[in-house]
Amino acid sequence: MAFLDDSYLLTSDTARGLFEAVKDLPFIDPHNHADVKEIRVNANYQDIWQVEAATDHYVWEMMRKRGVPETHVTGPAGNEEKWLALAGVFDELAGSPSYEWIHLDLKRRLGIADVIGADTGQAIWDAAKKILAKPAFKPQALLEDMKVEVIGSTDDPVDDLADHKALRDAGIYTKVHPTFRPDKAMNIFKPDWLDYVHRLEDRFGAKFKHVSDMLDALRQAHDYFAEAGALASDHGVEVPYAYQVDEQDADDIFKRAYAGKPLDEDDVVGFLSFMLNEMAELDAEKGWVFQLHLGCARDVRDTLKNGIGPDSGGDISDHMIDIVAPLNPLLNRFDGRLKTVLYSLDPNHQTTLAALCRAYGEHVNLGSAWWLNDSPVGMRRQLEYIGSVDLLANMAGMVSDSRKLLSYGSRNEMFRRTLCDVVGAYVDRGQMPVRVAEKLVTKLAYERPKQLFGF
């Protein structure tokens, strides 16, 4: 098997046959971090660093691991210097998904088959610069070439969604749906929480005297998102606190925080619980999908947090978090009336999450292997475990979670190939007929997310 050849990640004739059935299907990508303005403006990219690494903290982390100075990662060095620094250590990234994703991007989209290395970095830079200047390599054309039928971006309640509306009116191939992400309104423990609350007040022309006033503004934002085509919310939490808390207690916590008074841990847990339930109530009323990304301990490395800012590569998973006790009250409250997708960052969480999904029936399901699980190893383990504990047919499908446009194709291809290899092994072991396997991989590669999210 040659590098990224037709059998890439496919270890049997059965798997290769299954992949033939799904490889040309369009992509449905319900959760990513698309730069919607970038898509709307539709300008040519300038160089290979811009499309492959300028926004990708996966790449930044790998470069730091190989000793590349921060000046050539997020610092003042020029894009060509940064790309050549990356190319100089690229051989040493082998085994990581980033090594495969970037090579897939070059080979599938740009038609560059060279293996990235110190000896090829300059030639790839020069070739990519010429290719990216062509009209066919503008964002909207690339999305269509990749057959990205739908994406769900990640958006704040204060966003005006003007770029989303412009794209909808433009009628491009790819449908771009906003996704409601109210984390900043909920994270009362963060030092900038009150600053954000004032932004929310300004956005909706209100002054919040009670927690109900903030909820009214968030409901207005939720309605506004619905009018702009939103079909889901998304929530990033370390621990999924969702205990049932009275509004009066939440109001007392809100008033003290609004006045700048200190809160204790019980206050924080109470407020987070109250707000997560209220956001779920908004979703349930509209029939939206409630997405919960849990288990991420963010910005643990102080030099990155203080020197560069959030989302710069200092986030980790914490396998010690409690899941069942804090989340179960919400799942019971909304049992049968809220479509919920749970994303597993840490492989140790998969057993608990799969069991929860099994217990709660058709409305609670696992999403794609997230972040540190987002590799052939992590995806394979999750798919096999879902198949043995919950039901593969109920898995929510793939999301790229990507901050760069080209990865929508490469990350989905990696998932489809891994999916077909896992399901192909079931066939080869005599656990299911090939007819059922073909139906299953087609469902998970395309039909399931489209049906679940209502695209």
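If you're wondering where the values come from, they're calculated on a predicted model, not measured in any experiment. Heavy atoms only: backbone and side chains are in, while hydrogens, waters and symmetry mates are out.
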*Asks:* Do you see a donor-acceptor pair shorter than 3.5 Å between the side chains of Gln244 and Asn277?
*Replies:*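 Yes, Asn277 and Gln244 have a side-chain donor paired with an acceptor closer than 3.5 Å.
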*Asks:* Is there a side-chain contact between Ile323 and Ile321 in this structure, where contact means two heavy atoms from C-beta onward sitting under 4.5 Å apart?
*Replies:*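 Ile323 vs Ile321: side chains touch.
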*Asks:* Is the closest side-chain heavy-atom distance between Trp60 and Leu304 below 4.5 Å?
*Replies:*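 A side-chain contact under 4.5 Å is absent here.
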*Asks:* What are the two closest heavy atoms between Leu392 and Gly387, and how far apart are they?
*Replies:*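 Residues Leu392 and Gly387, closest heavy atoms: CG-CA, 3.8 Å.
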*Asks:* Which heavy atom in Phe137 sits nearest to a heavy atom in Leu142, and how many Å separate them?
*Replies:*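 Taking Phe137 first and Leu142 second, the nearest heavy atoms are O-CD1, 3.3 Å.
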*Asks:* Could you go through the side chain to side chain contact (heavy atoms under 4.5 Å, CB included) check for Leu200 and Phe208 one step at a time?
*Replies:* CA-CA 9 Å; Leu200 195 61; Phe208 302 158; 4.0 Å; yes
*Asks:* Going from CZ on Arg181 to NE2 on His31, what distance comes out if it is rounded to the nearest 0.5 angstrom?
*Replies:*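 Separation between the atoms: 6.0 Å.
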*Asks:* For residues 341-349, tabulate all N or O donor-acceptor pairs below 3.5 Å that involve a side-chain atom, not counting sequence neighbours.
*Replies:*
from   : atom 1 : to     : atom 2 : distance (Å)
Tyr343 : OH     : Gln291 : OE1    : 2.7
Ser344 : OG     : Asp346 : O      : 3.1
Asp346 : OD1    : Asn348 : N      : 2.8
Asp346 : OD1    : Asn348 : ND2    : 2.8
Asp346 : OD2    : Ser317 : OG     : 2.9
His349 : NE2    : Asp318 : O      : 3.1

*Asks:* Return the CE to CG distance between Met395 and Leu452, rounded to the nearest 0.5 Å.
*Replies:*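 It is 11.0 Å, given to the nearest 0.5 Å.
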*Asks:* Salt bridge (charged side-chain N to carboxylate O under 4.0 Å, His left out), that's the test. Do Asp213 and Lys207 meet it? Break it down for me.
*Replies:* CA-CA 8 Å; Asp213 297 329; Lys207 204 69 176 174; over 6 Å; no
*Asks:* Using modelled atom types only, decide if a donor and an acceptor are shared between the side chain of Ser7 and the backbone of Leu10 within a distance under 3.5 Å.
*Replies:*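 Here the side-chain-to-backbone pair does not exist.
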*Asks:* Can Lys255 and Asp251 be counted as an ion pair, charged N to O under 4.0 angstrom?
*Replies:*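 Yes.
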*Asks:* Do you know which two heavy atoms are closest between Tyr45 and Pro139, and how far apart they sit?
*Replies:*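 Scanning both residues, the minimum pair turns out to be OH-CG, 3.6 Å.
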*Asks:* Side-chain contact test, heavy atoms from C-beta onward, threshold under 4.5 Å: evaluate it for Asp29 versus Asn32 and give yes or no.
*Replies:*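 With C-beta onward as the side chain, the pair touches.
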*Asks:* Please check: side-chain N/O of Arg203 versus main-chain N/O of Val158, any donor-acceptor pairing under 3.5 Å?
*Replies:*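 A pair under 3.5 Å: yes.
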*Asks:* After noting the C-alpha distance and the side-chain angles of Ser153 and His164, does the key distance pass the side-chain hydrogen bond (donor to acceptor under 3.5 Å, both in side chains) rule?
*Replies:* CA-CA 9 Å; Ser153 58; His164 292 80; 2.7 Å; yes
*Asks:* Could you tell me which non-hydrogen atom of Trp49 sits nearest to which non-hydrogen atom of Met63, and how far apart they are?
*Replies:*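 Result for this residue pair: CH2-SD, 3.7 Å.
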*Asks:* Show your reasoning for whether ring-ring contact (aromatic ring centres under 6.0 Å, His included) applies to Trp288 and His222.
*Replies:* CA-CA 11 Å; Trp288 283 13; His222 201 269; 3.8 Å; yes
*Asks:* Roughly how far, to the nearest 0.5 Å, is CD1 of Ile102 from CG of Leu93?
*Replies:*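 One gets 7.5 Å once the value is rounded to the nearest 0.5 Å.
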*Asks:* Check whether any side-chain heavy atom of Leu372 lies under 4.5 Å from a side-chain heavy atom of Ile316, and answer yes or no.
*Replies:*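 They are not in side-chain contact.
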*Asks:* So which atom in Thr418 and which in Met379 form the shortest heavy-atom distance, rounded to 0.1 Å?
*Replies:*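 Nearest pair, atom of Thr418 first, then Met379: OG1-CE, 3.9 Å.
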*Asks:* Could you check whether the rings of Phe254 and Phe271 sit parallel, tilted or perpendicular, using 30° and 60° as the cut-offs?
*Replies:*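 Rings of Phe254 and Phe271: parallel, as their planes differ by under 30°.
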*Asks:* For Glu413, enumerate each residue passing the salt bridge (Lys or Arg N to Asp or Glu O under 4.0 Å) test, keeping only those at least two apart in sequence or located in another chain.
*Replies:*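 With sequence neighbours excluded, Glu413 shows a salt bridge (Lys or Arg N to Asp or Glu O under 4.0 Å) to Arg108, Arg417, given in chain and number order.
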*Asks:* SG of Cys296 to CG of Asp315: how many Å apart, nearest 0.5 Å?
*Replies:*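 One gets 4.0 Å once the value is rounded to the nearest 0.5 Å.
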*Asks:* Run through Ile28, Leu444, Val399 and flag the one making a side-chain contact (heavy atoms from CB on, under 4.5 Å) with Pro449.
*Replies:*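 Among the candidates, only Ile28 passes.
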*Asks:* In sequence, state the C-alpha distance, the side-chain angles, and the governing distance for Ile188 and Leu263, and then conclude on side chain to side chain contact (heavy atoms under 4.5 Å, CB included).
*Replies:* CA-CA 9 Å; Ile188 199 168; Leu263 304 178; 3.8 Å; yes
*Asks:* Give me the atom names and distance for the closest heavy-atom approach of Leu143 to Tyr408.
*Replies:*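 Shortest heavy-atom separation between Leu143 and Tyr408 comes out as CD2-CD1, 3.6 Å.
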*Asks:* Looking at side-chain heavy atoms only, is the closest gap between Lys37 and Arg40 below 4.5 Å?
*Replies:*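 SC-SC contact between Lys37 and Arg40 confirmed.
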*Asks:* Consider only side-chain N and O atoms of Tyr446 and Glu149, and report whether a donor and an acceptor are under 3.5 Å apart.
*Replies:*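 Tyr446 vs Glu149: donor-acceptor pair found between side chains.
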*Asks:* Roughly how far, to the nearest 0.5 Å, is NE2 of His198 from CG of Asp192?
*Replies:*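 Taking CG in Asp192 and NE2 in His198, the distance rounds to 12.0 Å.
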*Asks:* Contact between Leu18 and Val22 at the side-chain level, heavy atoms closer than 4.5 Å - yes or no?
*Replies:*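 Side-chain contact under 4.5 Å: no.
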*Asks:* Apply salt bridge (charged side-chain N to carboxylate O under 4.0 Å, His left out) to the pair Asp169 and Lys165, showing each step before the final yes or no.
*Replies:* CA-CA 6 Å; Asp169 294 341; Lys165 294 177 180 179; over 6 Å; no
*Asks:* First locate atom CH2 of Trp101, then atom OG of Ser96, and finally report the distance between them rounded to the nearest 0.5 Å.
*Replies:*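 Separation between the atoms: 8.0 Å.
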*Asks:* Mind running salt bridge (charged side-chain N to carboxylate O under 4.0 Å, His left out) on Arg16 and Asp6 for me, showing each step along the way?
*Replies:* CA-CA 8 Å; Arg16 285 185 280 273; Asp6 290 343; over 6 Å; no
*Asks:* So Glu281 and Arg333, side chain to side chain contact (heavy atoms under 4.5 Å, CB included) or not? Walk me through it.
*Replies:* CA-CA 10 Å; Glu281 194 69 63; Arg333 172 174 170 175; 3.0 Å; yes
*Asks:* Between His57 and Trp371, is the ring-ring contact (aromatic ring centres under 6.0 Å, His included) condition met? List the steps.
*Replies:* CA-CA 11 Å; His57 55 77; Trp371 206 336; 5.4 Å; yes
*Asks:* When you look at Glu201 and Tyr196, which way does the side-chain hydrogen bond (donor to acceptor under 3.5 Å, both in side chains) test go after all the steps?
*Replies:* CA-CA 9 Å; Glu201 289 176 324; Tyr196 178 79; over 6 Å; no
*Asks:* Between Leu327 and Val324, is any pair of side-chain heavy atoms under 4.5 Å apart?
*Replies:*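 They are not in side-chain contact.
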*Asks:* Report yes if the distance between the aromatic ring centroids of His177 and Phe453 is under 6.0 Å, otherwise no.
*Replies:*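 Judged by ring-centre distance (under 6.0 Å), His177 and Phe453 do not meet the cut-off.
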*Asks:* Near Arg168 CZ, under 6.0 Å, is it more than 12 heavy atoms from other residues, nucleotides or ligands?
*Replies:*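 Counting other residues, nucleotides and ligands, CZ of Arg168 exceeds 12 neighbours.
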*Asks:* Side-chain contact, heavy-atom cut-off 4.5 Å: Leu276 with Tyr241?
*Replies:*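 Answer no - side chains too far apart.
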*Asks:* Using a strict cut-off of less than 4.0 Å between a Lys/Arg side-chain nitrogen and an Asp/Glu carboxylate oxygen, indicate whether Arg219 and Glu285 qualify as a salt bridge.
*Replies:*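 Salt bridge: yes.
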*Asks:* Is it true that Arg358 and Asp390 make a salt bridge, defined as a side-chain N closer than 4.0 Å to a carboxylate O?
*Replies:*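 So Arg358 does not pair with Asp390 through a salt bridge.
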*Asks:* Any chance NZ of Lys439 has more than 12 other-residue heavy atoms, nucleotides or ligands included, within less than 6.0 Å?
*Replies:*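 No.
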*Asks:* Tell me whether Lys23 is salt-bridged to Glu20, with the criterion being a basic N under 4.0 Å from an acidic carboxylate O.
*Replies:*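 Here Lys23 pairs with Glu20 in a salt bridge, since their nearest N and O are under 4.0 Å apart.
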*Asks:* Name the one of Lys404, Arg403, Lys82 that satisfies salt bridge (charged side-chain N to carboxylate O under 4.0 Å, His left out) with Glu52?
*Replies:*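 Among Lys404, Arg403, Lys82, the one meeting salt bridge (charged side-chain N to carboxylate O under 4.0 Å, His left out) with Glu52 is Lys404.
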*Asks:* Walk me through it: do Phe334 and His363 pass the test ring-ring contact (aromatic ring centres under 6.0 Å, His included)?
*Replies:* CA-CA 9 Å; Phe334 294 96; His363 286 92; over 10 Å; no
